[in-house]
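These notes are about the structure you will find just below.
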Amino acid sequence: MSPRHFLNTQDWSRSGLDDLLARAAQFKRSPLGDQLRGRSIALVFFNPSMRTRTSFELGAFQLGGHAVVLQPGKDAWPIEFDTGVVMDGEAEEHIAEVARVLGRYADLVGVRAFPRFADWSVDREDRVLRAFAKFSPVPVINMETITHPCQELAHVMALQEHFLGREPGSSPEQVLRGKKYVLTWTYHPKPLNTAVANSALAIATRMGMDVTLLCPTSEYVLDARYMDWAARNVAESGGSLSVSHDPDSAYAGADVVYAKSWGALPYFGNWEAEKAIRERHRHFIVDERKMALTRGAVFSHCLPLRRNVKASDAVMDSPQCIAIDEAENRLHVQKAVMSALVR
Ligand code: CP
């Protein structure tokens, strides 16, 4: 049986994820349906979005449902998440009421809540998402907190499509097995969320790929929880996991290059000190020279992406780049997740 919520892919069985991907592929072939007729989803955004908001809203519409977008602190009341507190600060209502009330109106709730970037020991608890899941009477979907499971499925779907095009005799479940996958950190002027990197590591190892985490120094290695997930996945799926700080050797022979920037966890709340390190690693940009070291690798990124900072124009505009396919797949994946969870 599948979990009640979609908080992380790691909570789901491999066959459950394969079913979601097959359902998404079916929606890609046949986009309209009535799976959500008369149903609704409340999309709670604590942070900005382009792709996630658009694909959830239009995905619900295309299946006959309706989406309501709420931005607490902007067009909805600020919410308190701590328990047992005297609420004499900014928050006007408590998650215990918010989640229960939304569950009386909507059939599903989506939540986007990025870290606050001050104290990783606090952010790693994912307390906003956990609180929604605890109090919500209806299924909750993670729209990106400290992981980004919808992005994971869209990414895998795009990779499966790409490699099935080259290996038509293979199956979606098997085609990624043994592929050499490089998750590369890239420079960005600001420290960003580790969510997509955590997710990429989790899903790439889950699919049985040989995964290299390429990052500037050991300080950029991801949180132990996600390294442990990856190690467990490797043991179960037969792939591999290694960490590299050398771009040329990591890119050599790669089949997939996936790029993301993130802030180094030991510097949470002390970003000026981290800035000096990241500035020394601008050369981690994905460019034609590095891509030429690969085995004709496919390139992708979750978007948004700063051109000529994270990846060069030539890479983004090359036939190897499947970032737009991955972004499109968000629509199909979201429909798969919503239709699978709605009761
Ligand atoms: N990739 C992604 O989640 O995009 P948005 O931040 O625009 O939603």
Side-chain angles (χ1 to χ4, degrees), residues 6-9 20-21 24 28 41-62 67-75 108-117 123 126 128-129 132 140-159 161 183-186 188-204 222 226 256-263 286 298-307 309-311 315-316 321-338:
F6 188 67
L7 306 182
N8 283 300
T9 55
L20 288 176
L21 287 162
K28 192 164 189 168
I41 182 166
L43 303 173
V44 185
F45 281 97
F46 292 86
N47 308 96
S49 167
M50 191 273 262
R51 279 144 288 271
T52 304
R53 176 174 173 173
T54 311
S55 52
F56 266 106
E57 282 201 60
L58 294 180
F61 167 75
Q62 290 172 9
V68 176
V69 173
L70 297 163
Q71 301 175 90
K74 290 185 184 162
D75 56 17
L108 298 162
V109 175
V111 179
R112 168 165 284 197
F114 292 173
R116 290 170 177 246
F117 292 103
D123 284 333
D126 215 359
V128 172
L129 184 69
F132 269 98
V140 173
I141 299 171
N142 180 351
M143 301 196 299
E144 189 177 357
T145 60
I146 56 172
T147 58
H148 199 352
C150 294
Q151 191 75 48
E152 287 175 48
L153 294 188
H155 177 46
V156 161
M157 187 176 171
L159 292 179
E161 290 165 344
L183 167 60
T184 178
W185 179 93
T186 61
H188 186 284
K190 295 185 224 162
L192 301 182
N193 196 353
T194 53
V196 171
N198 294 334
S199 276
L201 203 66
I203 202 69
L222 299 167
Y226 304 106
V256 179
V257 175
Y258 197 50
K260 185 70 185 77
S261 189
W262 63 89
V286 182
V298 67
F299 168 75
S300 198
H301 185 280
C302 63
L303 305 179
L305 175 140
R306 294 187 185 218
R307 280 177 172 240
V309 173
K310 289 172 154 182
V315 170
M316 288 304 292
C321 178
I322 57 166
I324 304 300
D325 297 325
E326 181 171 326
E328 179 197 326
N329 288 346
R330 294 292 308 279
L331 176 65
H332 313 305
V333 158
Q334 257 97 260
K335 286 155 92 170
V337 172
M338 288 189 285

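Read the numbers this way: they start at 1 and go in the same order the structure lists the ligands and their atoms. Residues: numbered from 1 along the sequence shown. Here the structure is a predicted model, which means the values were calculated and not measured.
Pro189 is linked by a side chain to side chain contact (heavy atoms under 4.5 Å, CB included) to Tyr187, Arg306, Val309, counting only residues two or more places apart in sequence or in another chain. Legend: residues meeting side chain to side chain donor-acceptor pair (under 3.5 Å) with Asn142, ordered by chain and number and at least two apart, are Thr145, Thr147.
With a 4.0 Å heavy-atom cut-off, ligand 1 is reached by the backbone of Leu303 but not by any atom from C-beta on. When heavy-atom distances to ligand 1 are checked against a 4.0 Å cut-off, Met143 has no atom that comes that close, whether in backbone or side chain.
Distance from atom 4 (O) of ligand 1 to its nearest protein heavy atom, with residue and atom name: Arg51 NE, 2.9 Å. Annotation: atom 6 (O) of ligand 1 to nearest protein heavy atom, Arg112 NH1, 2.9 Å.
Atoms of ligand 1 found under 4.0 Å from any heavy atom of Cys302 (numbered from 1 in listed order, with element): 1 (N). Near Gln151, meaning under 4.0 Å from any of its heavy atoms, are these atoms of ligand 1: 1 (N), 2 (C), 3 (O). Of all atoms in ligand 1, numbered sequentially from 1 with element shown, those under 4.0 Å from a heavy atom of Met50 are 5 (P), 7 (O), 8 (O). Close contacts of ligand 1 with Arg330, meaning ligand atoms under 4.0 Å from a residue heavy atom, involve 1 (N), 2 (C), 3 (O). Proximity to His148 (heavy-atom distance under 4.0 Å) selects the following atoms of ligand 1: 2 (C), 3 (O).
In Arg116, the CZ atom is not crowded: 12 or fewer heavy atoms of neighbouring residues, nucleotides or ligands sit closer than 6.0 Å.
Considering Arg51, Glu326, Lys260 in turn, Glu326 is the only one that fulfils the side chain to side chain donor-acceptor pair (under 3.5 Å) rule with Gln151.
Considering backbone and side-chain N/O atoms, Arg53 never comes within less than 3.5 Å of an N/O atom of ligand 1.
A side-chain donor from one of Glu161 and Asn329 sits under 3.5 Å from a side-chain acceptor of the other.
In terms of heavy-atom proximity, Ala24 sits nearest to Ala336 at N-CB, 3.6 Å.
Between the side chain of Asn193 and the backbone N or O of Pro115, no donor-acceptor pair lies under 3.5 Å.
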